[in-house]
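When a ligand or atom number is given, it counts from 1 through the structure's own listing order.
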Amino acid sequence: MYNTKAYSAASATSPLASDTIARRDPTDRDVQIEILFCGICHSDLHSVRNEWGGAVYPIVPGHEMVGRVTQVGSAVTKYKPGDLAGVGCMVDSDGTCPQCKANLEQFCPNLTLTYNSPDQHKTAPVTYGGYSDSIVVDERFVLRVPDNLDLAGVAPLLCAGITTYSPLRHWGVTKGKKVGVVGLGGLGHMGVKFARAFGARVVVFTTSPDKTEDALRLGADEVVVSRNADEMQKHAGSFDFILDTVSANHDINAYLNLLRLDGNITLVGAPENPLEVSAFSLIVGRRSLSGSSIGGIAETQEMLDFCGEHNITADVEVIPIQKVNEAYERLLKSDVKYRFVIDMASLKSE
Ligand code: NAP
Ligand code: ZN
């Protein structure tokens, strides 16, 4: 075991603060990575504040990492010291269940999440995430990072990127489809970029009228301010697919009513409280409502390679880790353009 610097929260009401955590020494199959950048996902905030329940403290969040390999175990074949590498929301799974065999590790019943999951290696009670200097991960859960992209802008691809890429692919978003993206935050802005890259007609729904110009620049064909009922009504019954990335309570029926026959709305946003669904919003037009969780490792690699080929990265605000609590407050106000990313070099001075 060795110690590494990190930022952790001691309770649901404590700010994140400097800490020291233990990491395991790399085993045969492990890759040790010096973390260069780590994105701030709204899930970090939900988790730190225990909005979903089950938080174990201290909690070290962060599941959007890019860095450099510093050491590899003797059985590691895909990475060597000096390589760029990424780590997302998962660090282990059983590898034997039907979901793992289908490259859908995110649905493995024995999944180990990057943070706040029981630590199979018993280095600590739970796993610790990317707001830290370094991490040790089984090579099966390490991603190759294209070397032509801005690294700070790559970090958010490991969660916000795959979480939007996967459902857009799954629901067949291609040229000729009309696609809505609800909420222009970290996930939403990646959803816009991917839906555009896949050739769809993209409409952004936002509660922030001042994001209109940005939405168009990011690839939207049209922007609807969702608080304006008349503007919403104009799109009634017209969407093939809507991706809902909203992190707080909102009226899902208003979006269901915009779907055409057999249209689907997929929730990736995970608000703290249940959403109310009117039966008629689904019955009329045989509409469906689904969810989606990140994406498997193979698909995450496919997404990263796609981003390399198409020059896609997140639009980021790079911050030192000392500003992380301020960033959380801004996230709650939907005030981020469009992902905060921590420059981990700032942790060295702690
Ligand atoms: P974010 O950057 O904070 O973006 C959320 C956006 O939702 C905001 O920018 C805002 O967009 C909109 N919004 C916020 N409050 C709202 C309200 N009260 N009513 C309507 N719209 C509101 O968050 P994120 O990191 O993209 O994450 C979004 C959600 O996805 C979170 O709940 C997160 O936990 C979840 N998530 C799920 C997965 C998964 O695998 N399913 C993965 C990652 C994250 P506008 O200003 O445009 O309205
Ligand atoms: Zn996330």
Side-chain angles (χ1 to χ4, degrees), residues 38-52 61-65 86-90 104-107 111 113-116 129-131 155-168 170 180-193 203-216 218 220 223-228 232 242-252 254-255 266-273 275 290-296 299-300 303 314-317 327-341:
C38 184
I40 298 180
C41 179
H42 207 114
S43 301
D44 298 347
L45 190 156
H46 291 304
S47 303
V48 162
R49 301 197 176 172
N50 204 16
E51 291 173 358
W52 297 333
H63 56 207
E64 293 185 336
M65 286 161 253
V87 179
C89 302
M90 316 180 271
L104 296 168
E105 300 88 354
Q106 75 271 35
F107 303 121
L111 181 68
L113 293 169
T114 302
Y115 61 83
N116 201 49
Y131 297 7
L157 302 178
L158 277 303
C159 174
I162 185 60
T163 302
T164 51
Y165 182 95
S166 182
L168 290 168
H170 180 78
V181 176
V182 189
L184 197 66
L187 266 56
H189 95 290
M190 290 311 307
V192 171
K193 289 187 185 207
V203 180
V204 165
F205 295 93
T206 181
T207 58
S208 312
D210 59 328
K211 292 182 183 172
T212 300
E213 261 180 48
D214 285 347
L216 295 171
L218 291 163
V223 181
V224 173
V225 176
S226 51
R227 297 205 161 111
N228 182 330
M232 293 286 282
I242 298 177
L243 186 66
D244 184 336
T245 77
V246 175
S247 51
N249 279 1
H250 59 293
D251 179 16
I252 187 87
Y255 296 100
T266 291
L267 290 182
V268 284
E272 177 178 3
N273 298 310
L275 299 170
S290 324
S292 187
S293 177
I294 45 174
E299 194 177 35
T300 306
M303 178 274 311
D315 285 31
V316 297
E317 289 191 49
Y328 275 33
E329 290 315 307
R330 284 186 52 198
L331 259 193
L332 283 175
K333 293 188 227 143
S334 303
D335 174 23
V336 51
K337 291 194 163 127
Y338 279 86
R339 193 59 136 189
F340 290 112
V341 171

Residues in ring pair (Phe, Tyr, Trp, His ring centres under 6.0 Å) contact with Tyr115, at least two apart in sequence or another chain: His63

Stepwise side-chain contact (heavy atoms from CB on, under 4.5 Å) check, Val224 with Val204: CA-CA 6 Å; Val224 173; Val204 165; over 6 Å; no

Donor-acceptor contact below 3.5 Å, side chain Thr206 vs main chain Leu184: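 Between the backbone of Leu184 and the side chain of Thr206 there is no qualifying donor-acceptor contact (under 3.5 Å).
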
Side-chain (Trp52) to main-chain (Ala270) donor-acceptor, under 3.5 angstrom: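 Yes: the side chain of Trp52 pairs with the backbone of Ala270.
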
List, pair by pair, the atoms of ligand 1 and of the protein that are both N or O and lie under 3.5 Å apart, giving the separation rounded to 0.1 Å.
residue, atom, partner, partner atom, Å
ligand 1, 2 (O), Gly186, N, 2.9
ligand 1, 3 (O), His42, ND1, 2.7
ligand 1, 9 (O), Lys211, NZ, 3.4
ligand 1, 11 (O), Leu184, N, 3.2
ligand 1, 23 (O), His42, ND1, 3.4
ligand 1, 25 (O), His42, N, 2.9
ligand 1, 25 (O), Arg339, NH1, 2.6
ligand 1, 26 (O), Gly186, N, 3.3
ligand 1, 26 (O), Leu187, N, 2.8
ligand 1, 32 (O), His46, NE2, 2.8
ligand 1, 32 (O), Ala270, N, 3.0
ligand 1, 34 (O), Ser43, OG, 2.8
ligand 1, 34 (O), His46, NE2, 3.3
ligand 1, 40 (O), Ile294, N, 2.8
ligand 1, 41 (N), Val268, O, 3.0
ligand 1, 41 (N), Ser292, O, 2.9
ligand 1, 46 (O), Ser208, OG, 2.5
ligand 1, 46 (O), Lys211, NZ, 2.7
ligand 1, 47 (O), Leu184, N, 2.7
ligand 1, 47 (O), Thr206, OG1, 2.5
ligand 1, 48 (O), Thr207, N, 2.8
ligand 1, 48 (O), Thr207, OG1, 2.6

Polar side chain donor-acceptor pair, Asp214 to His189, under 3.5 angstrom: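 Looking only at side-chain atoms, His189 and Asp214 do not form any donor-acceptor pair under 3.5 Å.
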
Which residues share a side chain to side chain donor-acceptor pair (under 3.5 Å) with Ser293, sequence neighbours left out: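 Ser293: no side chain to side chain donor-acceptor pair (under 3.5 Å) contacts found.
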
Within-2.8 Å protein N/O/S contacts of the Zn ion (ligand 2):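 Checking every protein N, O and S atom gives Cys41 SG, His63 NE2, Cys159 SG.
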
Test log, rule salt bridge (Lys or Arg N to Asp or Glu O under 4.0 Å), inputs Glu317 and Arg330: CA-CA 12 Å; Glu317 289 191 49; Arg330 284 186 52 198; 3.0 Å; yes

Stepwise salt bridge (Lys or Arg N to Asp or Glu O under 4.0 Å) check, Glu213 with Lys337: CA-CA 12 Å; Glu213 261 180 48; Lys337 291 194 163 127; over 6 Å; no

Thr114 OG1 to Glu64 CD distance, which is reported to the nearest 0.5 Å: 10.5 Å

